[in-house]
*Asks:* 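The structure is given below, and queries will be raised subsequently.
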Number of protein chains: 2
Amino acid sequence: MLTSVDTDLLRVLADPLRLQIVTLLARETLCTTHLVEETGARQTNLSNHLKVLRDTGVVETEPCGRFTYYKLRPQVLEQLAGSFAELAATARETELNNTKRACP
Amino acid sequence: MLTSVDTDLLRVLADPLRLQIVTLLARETLCTTHLVEETGARQTNLSNHLKVLRDTGVVETEPCGRFTYYKLRPQVLEQLAGSFAELAATARETELNNTKRACP
DNA sequence: GACTGACGTCAGCATGGGGTGATACTTTCA
DNA sequence: TGAAAGTATCACCCCATGCTGACGTCAGTC
């Protein structure tokens, strides 16, 4: 059975700013101030996107005084990579065997 | 350097119906009529989504008389899987080393 | 306690993009 | 040649969602 990819997760990652956040967080754990500097986006805007990423379980927070650190949860990306790899493998096999349903 | 994921491709795959089409096409090459049967969507709606998938290079067409067969291009999914795997690996390393930028 | 800085929340606005119906085009078949 | 079936295209409506400004909250510092 083919593991279906989570469209909600995809939709969340499909936003350019959110993907930029994810890419930045993959390299190092950052707090909101850093993300404002790096992306050039408004703090409010970032906060909204970070909430979306939090709700989807892509990132998790770690309070540190007045600051809030955001770190990526690698499992989410790993599972996504796995699902796509599986899908690609199935497609390769279909291509190899030329599996095709007959015209009705 | 981190290979950045293509947000346009992600956005295309983030739609439930389009992802369903992709999942179906991964298993076997189908024509529009089959997809209408399988998904229960209107023909016009499917045709629109198939155009999007075509324009992004996710699928390719193969005319067969009155019918049009759609087949998946595995490379696209493979590259996507690779990008996410790389991103996940970077995130794992960051987690392991506890790489964190200091508070300003 | 007053002030400042870091974040979050909320309401409003504007745009993108998905769904649909009408229609056109092409191929097959009687 | 006319009809029917498969598919694509276009115009339109409408809703989801991203961006913003105003404001609230909490922690630290004086």
Side-chain angles (χ1 to χ4, degrees), chain A residues 5-25 28-71 100-104, chain B residues 5-25 28-71 100-104:
Chain A
V5 182
D6 185 7
T7 50
D8 287 334
L9 176 58
L10 275 185
R11 195 180 45 75
V12 165
L13 295 177
D15 182 84
L17 184 50
R18 280 198 290 259
L19 192 63
Q20 191 184 356
I21 294 172
V22 167
T23 307
L24 286 168
L25 291 181
E28 50 179 344
T29 299
L30 298 169
C31 59
T32 314
T33 311
H34 295 135
L35 289 170
V36 170
E37 288 173 9
E38 293 286 339
T39 63
R42 306 289 176 90
Q43 180 267 323
T44 302
N45 191 8
L46 270 178
S47 189
N48 284 330
H49 283 300
L50 286 170
K51 176 177 172 52
V52 175
L53 290 171
R54 245 183 297 134
D55 291 346
T56 330
V58 178
V59 303
E60 57 189 7
T61 59
E62 186 186 336
C64 170
R66 289 185 298 179
F67 301 92
T68 306
Y69 273 105
Y70 282 86
K71 63 185 301 187
K100 184 187 290 190
R101 192 183 295 187
C103 298
Chain B
V5 183
D6 184 7
T7 51
D8 287 334
L9 177 58
L10 275 186
R11 196 181 49 75
V12 165
L13 294 177
D15 182 83
L17 183 49
R18 281 198 290 258
L19 191 63
Q20 190 184 356
I21 294 173
V22 168
T23 307
L24 286 168
L25 291 181
E28 51 179 343
T29 299
L30 298 168
C31 59
T32 313
T33 311
H34 295 135
L35 289 171
V36 170
E37 289 172 9
E38 293 285 340
T39 62
R42 307 290 177 88
Q43 182 266 325
T44 302
N45 191 8
L46 269 178
S47 190
N48 284 330
H49 283 300
L50 286 169
K51 176 176 172 50
V52 174
L53 290 172
R54 243 183 299 135
D55 291 346
T56 330
V58 178
V59 303
E60 57 188 7
T61 61
E62 186 186 336
C64 170
R66 288 185 298 177
F67 301 90
T68 307
Y69 273 105
Y70 281 87
K71 64 185 300 187
K100 183 187 292 189
R101 193 183 295 187
C103 297

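Numbers restart at 1 for each chain; the letters A, B, ... are given by sequence-line order, proteins then strands. What you see is a predicted model, and the numbers here were worked out from it, not measured in a lab.
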*Asks:* Would you say D/dT17 has OP1 or OP2 under 4.0 Å from some side-chain N or O of A/R11?
*Replies:*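 Indeed, a polar side-chain atom of A/R11 lies that close.
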
*Asks:* Out of B/L10, B/D6, B/V12, which one pairs with B/D8 under the side chain to side chain contact (heavy atoms under 4.5 Å, CB included) rule?
*Replies:*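 Passing option: B/D6.
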
*Asks:* Between B/D15 (CG) and D/dT17 (P), how many Å, whole number?
*Replies:*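 Atom CG in B/D15 sits about 11 Å away from atom P in D/dT17.
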
*Asks:* Can a side chain N or O of B/Y69 be found less than 4.0 Å away from OP1 or OP2 on D/dG6?
*Replies:*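 Indeed not, no polar side-chain atom of B/Y69 lies that close.
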
*Asks:* Counting only heavy atoms and a strict 4.0 angstrom limit, can you tell me which residues of residues 41-57 of chain A come near DNA chain C?
*Replies:*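 Here the set is A/Q43, A/T44, A/S47, A/N48, A/K51, A/R54.
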
*Asks:* To the nearest Å, how far apart are A/L13 CG and D/dG18 P?
*Replies:*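 In whole Å, D/dG18 P lies 12 Å from A/L13 CG.
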
*Asks:* Any non-hydrogen side-chain atom of B/C31 less than 4.5 Å from a side-chain atom of B/C64?
*Replies:*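 When only atoms from C-beta onward are counted, B/C64 and B/C31 do not touch, as no gap falls below 4.5 Å.
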
*Asks:* If you define the side chain from C-beta out and look only at heavy atoms, does anything of B/L24 sit under 4.5 Å from B/T39?
*Replies:*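 The answer is yes; the side chains approach within 4.5 Å.
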
*Asks:* At under 4.0 Å, does any side-chain N or O of B/Y70 touch on OP1 or OP2 of D/dA8?
*Replies:*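 Looking at the OP1 and OP2 atoms of D/dA8, one of them is under 4.0 Å from a side-chain N or O of B/Y70.
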
*Asks:* In whole Å, I'd like the distance from the CG atom of B/L30 to the P atom of D/dG6.
*Replies:*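 The distance from CG of B/L30 to P of D/dG6 comes to 15 Å, rounded to the nearest Å.
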
*Asks:* Could you go over nucleotides 2-6 of chain C and give all protein N or O partners under 3.5 Å, atom names and distances?
*Replies:*
{"residue": "C/dG5", "atom": "O4'", "partner": "A/R66", "partner atom": "NH1", "Å": "3.4"}
{"residue": "C/dA6", "atom": "O3'", "partner": "A/R66", "partner atom": "O", "Å": "3.2"}

*Asks:* If you compare all heavy atoms of A/T29 against all heavy atoms of A/K71, which two are closest, and at what distance to 0.1 Å?
*Replies:*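 Nearest pair, atom of A/T29 first, then A/K71: OG1-CB, 3.6 Å.
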
*Asks:* If you look at every heavy atom in B/L50 and B/V59, which pair is closest and at what distance?
*Replies:*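 Looking at all heavy atoms of both residues, the shortest contact is O-CG2, 4.4 Å.
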
*Asks:* How close do B/T7 and A/A14 get, counting heavy atoms only, and between which atoms?
*Replies:*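 Closest pair (atom of B/T7, atom of A/A14, distance): CB-O, 3.6 Å.
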
*Asks:* Which pair of non-hydrogen atoms, one from B/Y69 and one from A/K100, has the smallest distance, and what is that distance?
*Replies:*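 Scanning both residues, the minimum pair turns out to be CE2-CG, 3.6 Å.
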
*Asks:* Hey, what do you get for OG1 (B/T68) to CG (B/L35), rounding to the nearest 0.5 Å?
*Replies:*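 Here the interatomic distance stands at 11.0 Å.
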
*Asks:* Starting at atom CZ of A/R18, determine the distance to atom P of D/dA16, rounded to an integer number of angstrom.
*Replies:*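 It works out to 16 Å between those atoms.
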
*Asks:* Could you tell me the separation between the CG atom of B/L35 and the C1' atom of D/dA8, rounded to a whole number of Å?
*Replies:*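 So the two atoms are 15 Å apart, to the nearest Å.
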
*Asks:* The criterion is salt bridge (charged side-chain N to carboxylate O under 4.0 Å, His left out); which residues satisfy it with B/R66, sequence neighbours excluded?
*Replies:*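 Scan of B/R66 (salt bridge (charged side-chain N to carboxylate O under 4.0 Å, His left out), adjacent residues dropped) gives none.
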
*Asks:* Send over the distance from B/E37 CD to D/dT7 P, rounded to a whole Å.
*Replies:*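 In whole Å, D/dT7 P and B/E37 CD are 10 Å from each other.
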
